[in-house]
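Beneath this line is the structure, given in structure tokens, with notes to follow.
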Amino acid sequence: MKEEITRFAPSPTGHLHIGGARTALFSWLFARSKKGKFLLRFEDTDKERSKKEFEESIISSLSWLGIEPDEKPIYQSKNIKSHQKEALNLLESGKAYSCDCSPEQLSEMREKQIKNKLQPKYDGLNREKNISHKEGNVIRFKMPQSGKTIFEDQILGPITVENRELDDFIILRGDGSPTYNFSAALDDKEMKITTVIRGDDHITNTLKQINILKALEEELPQYAHLPMVLSNSGKRLSKRDGAVDITDYRKGGYLKEAIINYLVKLGWSYSDQEIFSKEELVSLFNLSAVNSSPAKFSEELINFYNNYYLNLLDIKNLYELIDTEYEVSFNIKSNDKYLDILNLVREGAKTVLDLIDQIKFFYEVPSYEEQHKELITSNIEVVKIFSENIENIDFNNQQNLENDLKSFLSSKNLKFPQLGKPLRLILSGRQNAPSISQLLFFLGEEESLKRINFFLD
RNA sequence: GUCCCCUUCGUCUAGCGGUUAGGACACCGGGUUUUCAUCUCGGCAACAGGGGUUCGAUCCCCCUAGGGGACGCCA
């Protein structure tokens, strides 16, 4: 059995986004599950848009997710010379031809075709003219004009298209640089890729690349086209839909385990199992279980996974994570019960950011909203009585504190909410916060009293 | 417009000729709780439509409709 080699081939024109990450993940999982190799190749031949910073960003996002390529990244731009040579070889052998149609001519042709309800494609004007190649001319590939191009997609099944639908696409530009479809086919061959896994927006490219490989009499790799990730509106996911880059999610307080689990479930399934560790995925993953229909990205589901993994983390590790990855305006460790505090709010937290926001009032005096202030002052009597009896409350033990609180209330013939509502607002600045006894306990007697007294003047 | 791909609850999906069509998220109730959350119990909710094939179609075939994608000297 031949070793499987897959690759992820982004163009470094932006950060790694959700869709790219999913493609990379599926390629990586496939390679790992087959005990093969996973490679990374930057398609950086567009000099205008390719940026070094994006290469670095993509590598670091992948690495953060735990998707490490098995070899150093490959740069398509480094192979330009050999691709040029191949194009010239095809020209010489008559499998490609020189073409001097100007860009203006071509766009005019395209407009006419669209107007006449035809498929816009190169009409083959110079195909048989045998124009001698000179600088400024492009080289076009002679696509077979009859028959069909067929391949068995590992996810979608058989895909067939009439060759007459395909056009003589450019393989070498006027400036002598090779084009994407040519370079990609060549690089895949060079890298001995056995299975090409990419988004299904590449299906038409696959058709072109197959014909290049055939003209070169090369063996074809397997192809697997992943259905797209759509936005909530059913359109292709884009920046306009909010956070789409992995860096956004990382900064936004999402855990990599959650992202991986969510992404893999977006299209792949294993019976009705919802939670997967990476190790499990490596042993269970297979392309044939990938769904063939596109899936909508769901904020709710990724939040569910994030909350799930947030609560799975060892609490000390959660602290370490916050400490190393996030900017916090206060010193979490300054409260010696900080681990308990973290534990208290993680249950309902969707993200790390969310969590930090929810523990903030344990460290800083909250800023009170006007309407909350009014609510407090109109109920201040009960709080005052409570503060006058605070020496009867044992702040050293949470259970005692709760009992003392209860006996205080019953001794004064008070219902819990009478004290609870204003006191919660005073202590936390919020209407929704942990229980009163927890607030008092974690804040401590001194700080609690300080916040209460602020309203008693 | 042409070609390609897709179509099960609102969303992600299970199903691979005979099921009360299952799970998860979300949502809605009940219980627990001093608020929110947690926890717990329960509920709502789907096979796009039409033809075949078959004793029997969610499942196989065809058509229609709807959605997505591709049609660059971008990748």
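Letters A, B, ... mirror the listed sequences (proteins, then strands); counts begin at 1. This one's a predicted model, so the numbers in the text were calculated from it and none came from an experiment.
- By the side-chain contact (heavy atoms from CB on, under 4.5 Å) test, A:Leu287 pairs with A:Phe30, A:Gln154, A:Ile155, A:Thr195, A:Ile197, A:Ala224, A:Phe285, A:Val290, sequence neighbours left out.
- For A:Arg430 and B:rU35, a side-chain-to-base donor-acceptor distance below 3.5 Å is absent, hydrogens and geometry of angles not being considered.
- For B:rA75, the base has a donor-acceptor partner in the side chain of A:Asn205 [N/O atoms by modelled type, under 3.5 angstrom].
- Against RNA chain B, the stretch residues 80-92 of chain A makes no heavy-atom approach under 4.0 Å.
- Between the P atoms of B:rG17 and B:rU58, the separation comes to 13 Å (whole Å).
- Here A:Phe455 and A:Tyr368 bring their ring centres to under 6.0 angstrom of each other.
- Look at A:Phe416 and the base of B:rU34; the rings stack, centres closer than 5.5 Å and planes less than 30° apart.
- Residue-to-nucleotide proximity on RNA chain B shows that, of A:Cys99 and A:Asp201, the 5′-proximal contact is made by A:Asp201.
- Of the candidate nucleotides B:rC6, B:rG22, B:rU34, B:rG22 has the atom lying nearest to any side-chain atom of A:Asp272.
- Ion pairing between A:Lys337 and A:Asp340 fails under the 4.0 Å rule for side-chain N and carboxylate O.
- With a 6.0 Å cutoff to the six-membered ring centre and a 45° limit on the axis angle, A:Arg22 counts as a cation-pi contact of A:Phe26.
- Ion pairing between a basic and an acidic side chain is recognised when a charged N comes within 4.0 Å of a carboxylate O; A:Glu53 and A:Lys51 show no such pairing.
- Of the candidates B:rC6, B:rC4, B:rG10, B:rC4 carries the atom nearest the A:Ile203 side chain, counting heavy atoms from C-beta on.
- Remark: A:Glu165 engages no residue in a salt bridge (charged side-chain N to carboxylate O under 4.0 Å, His left out) (not counting sequence neighbours).
- Distance check on atom C1': B:rC12 versus B:rG30 gives 28 Å, rounded to whole Å.
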